[in-house]
Amino acid sequence: MKKILLATIGAALFLTSCEDEPKINISYEKALMDKHWILTDVKVNSNVKVPTNTWTSTFGSIPPCVKDNKWYFPSTSDLSVFEHWTKCTPSDPDLRSLFYNIQNENYIKIYSNKANVDGSIVVKGDFKLVDIKTFTIDERKDVSSTVTTSTIYTYSKEE
């Protein structure tokens, strides 16, 4: 009887210790906030409608004045872009204030004018939080009925 009781207690302890930890539900906006993000890759596909087309990294051809910019999301709707070491034009401001929204957890719009969102788009596309330190924006443009170009911007959390 003692062995059965010990076996039952042991099984109960084993089963309760194997329960999954509760998942923390955090919005994508919150995951982006309070971190500096830097552009770490840009891949281009000249026509995603052709399955045999390949992706090409164009990160090496991105000007240093764009590569060193830091994105900072201070809230769930604001984006600050800091010109870091180099500016593309000397008269550019050190800080550019933009806005963003993530729709249905998979599409992002970044824009400069709240009163005219669609008329002031800086970048828009499919949004993917790859992990807690990386996200991508897949911007697609219909060139014609048979050609859609795609540019995937990869941003990583600055360590």
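Computation of the quantities below employed the complete heavy-atom set of this structure, encompassing side-chain atoms and omitting hydrogens, waters and symmetry-equivalent molecules.
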### Query
So, does Ser61 use its side chain to make a donor-acceptor pair with the main chain of Thr58 at under 3.5 Å?
yes

### Query
Given side chains that start at C-beta, do those of Asn69 and Leu39 come closer than 4.5 Å, heavy atoms only?
no

#### Entry: Shared hydrophobic cluster for Trp37 and Val123 (ILVMFWY, side-chain gaps under 4.5 Å)
yes

### Query
In Å, rounded to the nearest 0.5 Å, how long is the span from NZ of Lys124 to NZ of Lys141?
9.0 Å

### Message
Is the shortest side-chain heavy-atom distance between Phe127 and Asn106 below 4.5 Å?
### Response
no

### Message
Between Asp34 and Tyr72, does the side chain to side chain donor-acceptor pair (under 3.5 Å) criterion hold? Intermediate values first, please.
### Response
CA-CA 7 Å; Asp34 299 327; Tyr72 182 75; 3.1 Å; yes

### Message
Would you say that Asn101 contacts Tyr111 through its side chain, given a criterion of any heavy-atom pair below 4.5 Å between the two side chains?
### Response
yes

### Task
Measure the spacing between CG of Leu32 and CD1 of Ile102 and express it to the nearest 0.5 Å.
5.0 Å

### Task
Could you walk me through whether Asp126 and Tyr107 pass the side-chain contact (heavy atoms from CB on, under 4.5 Å) test, one step at a time?
CA-CA 4 Å; Asp126 291 338; Tyr107 193 83; 3.7 Å; yes

### Task
May I have the step-by-step check of side-chain contact (heavy atoms from CB on, under 4.5 Å) for Ser120 and Phe99, ending in yes or no?
CA-CA 10 Å; Ser120 65; Phe99 310 98; over 6 Å; no

### Message
Looking at every non-hydrogen atom in both residues, tell me the closest pair between Val48 and Ser150 and how far apart they are.
### Response
CG1-CB, 3.4 Å

#### Entry: Cluster link Ile62 to Tyr155, ILVMFWY, side chain under 4.5 Å
yes

### Check against side-chain contact (heavy atoms from CB on, under 4.5 Å), Val81 and Val122
CA-CA 12 Å; Val81 179; Val122 175; over 6 Å; no

### Message
If I take atom OG1 from residue Thr40 and atom NZ from residue Lys133, how far apart are they, to the nearest 0.5 angstrom?
### Response
13.0 Å

### Gap between atom NE2 of His36 and atom NE2 of His84 - 0.5 Å precision
9.0 Å

### Query
Does atom NZ of Lys43 have more than 12 heavy-atom neighbours, drawn from other residues, nucleotides or ligands, at distances under 6.0 Å?
no

### Task
Find the distance between OG (Ser75) and CD (Glu29) and round it off to the nearest 0.5 Å.
9.5 Å

### Task
Flag yes if Tyr153 and Ile121 sit in one hydrophobic cluster, no otherwise; membership is Ile, Leu, Val, Met, Phe, Trp, Tyr, and two members link when side-chain heavy atoms are under 4.5 Å apart.
no

### Message
Looking at every non-hydrogen atom in both residues, tell me the closest pair between Glu105 and Tyr28 and how far apart they are.
### Response
O-CE1, 2.9 Å

### Task
Give the intermediate values and the outcome of side-chain contact (heavy atoms from CB on, under 4.5 Å) for residues Phe59 and Lys67.
CA-CA 8 Å; Phe59 187 70; Lys67 283 183 185 177; 3.8 Å; yes

### Task
Specify the closest pair of heavy atoms between Ile132 and Ala31, including all atoms of both residues, with the distance to one decimal.
CD1-CB, 4.4 Å

### Message
Are the side chains of Ile108 and Phe135 in contact, using a 4.5 Å heavy-atom criterion?
### Response
no

### Query
Any side-chain heavy atom of Lys109 sitting closer than 4.5 Å to one from Asp118?
yes

### Query
Looking only at atom types and distance, does a side-chain atom of Thr148 sit under 3.5 Å from a main-chain N or O of Lys49, one as donor and one as acceptor?
no

### Query
With Lys87, which of Asp68, Asp94, Asp92 fulfils side chain to side chain donor-acceptor pair (under 3.5 Å)?
Asp94

### Query
So do the side chains of Val66 and Cys88 get within less than 4.5 Å of each other, counting heavy atoms only?
yes

### Message
Return the OG1 to CG distance between Thr54 and Asn45, rounded to the nearest 0.5 Å.
### Response
7.0 Å

### Task
Please report the shortest heavy-atom distance between Thr86 and Cys65, naming the atom on each side.
OG1-CA, 3.1 Å

### Message
Main chain of Ser144, side chain of Asp142: is a donor-acceptor contact present, judged purely on distance under 3.5 Å?
### Response
no

### Query
Any link between Leu98 and Trp71 through a network of hydrophobic side chains (Ile, Leu, Val, Met, Phe, Trp, Tyr) touching at under 4.5 Å?
yes

### Query
Counting only N and O atoms by type, is there a donor-acceptor contact under 3.5 Å from the side chain of Asn53 to the main-chain atoms of Asn47?
yes

### Message
When you group the ILVMFWY residues by side-chain heavy-atom contacts below 4.5 Å and let the links chain together, are Ile152 and Ile38 in the same group?
### Response
no

#### Entry: Pair Arg140 + Asp138: basic N to acidic O under 4.0 Å
yes

### Message
Within the structure provided, determine whether Thr134 and Thr154 are in side-chain contact (heavy-atom separation under 4.5 Å).
### Response
yes

